[in-house]
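What follows is a short report on a single structure.
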Amino acid sequence: KAGALYMINRFFHPAEVNSEQSNTPLDPNNIPAHIAIIMDGNGRWAKQKGLPRIAGHREGMKVINKVVKKADELGVKYLTLYAFSTENWKRPKSEVDFLMKLPERFLSKELPKLQKNNVKVRIMGDETLLPPHTIQAVRKAVQETSENTGMLLNFALNYGSRHELVHMMKKMGESISKGELSPEDIDEKMISDRLLSSGLPDPDLLIRTSGEKRLSNFMLWQLAYSEFWFTEVLWPDFKENDLMQAIQTYQQRKRRYGGV
Ligand SMILES: Cc1cc(N2CCCCCC2)n2ncc(-c3ccc(F)cc3)c2n1
């Protein structure tokens, strides 16, 4: 019986021949609730065009607006964007200084639109090392959008997954030594609730651009069960159709035969 069912399903749902198909429409009932994106390839994009690296970052920032809008239209509930990692401090000072100005540049330009679209802004990362002007800008945006109930736009800013885990374990150790917590109480939910992503569901889909197939110390705990979709496209060249393709591939992998 199962064999016959399988055959029928295979007949109506041919095997994944080419996961890059972008001709079939998306299933509105199977949109990934949480998409995380490693926005990679900005420096390479600039190099290919004989421009300084910061031109790639500037171009990369322009892409965010279109992706946020498209994701929101498609019904994505949470969008996490990897903007700056704890490893990025090793970049030349001039580049870091430029990058640290991008949050305020982005927000001063885009916040009114985000507000209008009921988008809630959140930051995930270690704020202590950020310059005061950067902290001020992001805190203002978080505060001003805190009542919004639409898509949650989560910027990973000075984020490192191992930093996050070490910090969480230190805090847990302190609670145990203070007698506030006993090891028996520790479970996966408690750990998830003590991470910087607390309150967010794990990403259903991770997108990484520019051909790299690495996690680069990004959400190591949270991505345990996520689908990964890699593309050669450099982030400054990323288009709405690339997002659609990623979701289409996700749906093919997570296809539902009308069942649960
Ligand atoms: C450091 C940095 C770099 C940065 N890039 C532009 C996008 C490509 C990736 C690297 C460079 N972007 N783009 C947006 C932000 C941002 C951060 C927080 C926030 F609340 C609002 C916007 C940003 N931050």
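All ligand and atom numbering here is 1-based and tracks the order in the structure.
The shortest contact between atom 20 (F) of ligand 1 and any protein heavy atom is with Ile123 CD1, 3.3 Å. Atom 4 (C) of ligand 1 has as its closest protein heavy atom Leu102 CD1, 3.6 Å. For atom 14 (C) of ligand 1, the closest non-hydrogen atom on the protein side is Ile64 CD1, 3.4 Å. Atom 6 (C) of ligand 1 has as its closest protein heavy atom His57 O, 3.6 Å. With respect to atom 24 (N) of ligand 1, the closest heavy atom belonging to the protein is Ala83 CB, 3.6 Å.
Ion pairing between a basic and an acidic side chain is recognised when a charged N comes within 4.0 Å of a carboxylate O; Glu174 and Lys170 show no such pairing. Taking a cutoff of 4.0 Å between a charged side-chain nitrogen and a carboxylate oxygen, Lys109 and Glu104 do not qualify as a salt bridge.
Here is the list of ligand 1 atoms found below 4.0 Å of a heavy atom in Asn42: 8 (C), 9 (C). Heavy-atom proximity to Met61, at under 4.0 Å, picks out these atoms of ligand 1: 6 (C), 7 (C), 13 (N). Against a heavy-atom cut-off of under 4.0 Å, Val138 is close to the following atoms of ligand 1: 20 (F). Close approach of ligand 1 to Leu157 is summarised as follows: ligand atoms under 4.0 Å from at least one heavy atom of the residue are 1 (C). Those atoms of ligand 1 with a heavy atom of Leu99 less than 4.0 angstrom away are 1 (C), 2 (C), 11 (C). Interface of Gly60 with ligand 1, defined as ligand atoms under 4.0 Å from a residue heavy atom, comprises 7 (C). Near Pro103, the atoms of ligand 1 lying under 4.0 angstrom from a non-hydrogen atom of the residue are 16 (C), 17 (C), 18 (C), 22 (C), 24 (N).
Under a hydrophobic-cluster definition in which Ile, Leu, Val, Met, Phe, Trp and Tyr are linked whenever side-chain heavy atoms come within less than 4.5 Å, directly or via other members, Ile135 and Trp89 are assigned to the same cluster. Note: the hydrophobic cluster containing Leu200 does not contain Met168 (ILVMFWY, side chain heavy atoms under 4.5 Å, direct or indirect links).
The salt bridge (charged side-chain N to carboxylate O under 4.0 Å, His left out) with Glu95 is formed by just one residue from the set Lys90, Lys101, Arg53, Arg58; it is Arg53.
For the pair Gln251 (side chain) and Asp27 (backbone), a donor-acceptor distance under 3.5 Å is present.
Closest to atom 18 (C) of ligand 1 by heavy atom, among Phe106, Phe155, Trp45, Tyr82, is Phe155.
For CD of Glu87, the number of neighbouring non-hydrogen atoms (other residues, nucleotides, ligands) closer than 6.0 Å is greater than 12.
Centroid-to-centroid, the aromatic rings of Phe155 and Phe106 come within less than 6.0 Å.
The aromatic rings of Trp235 and Phe238 sit parallel, their planes meeting at an angle under 30°, below the 60° perpendicular limit.
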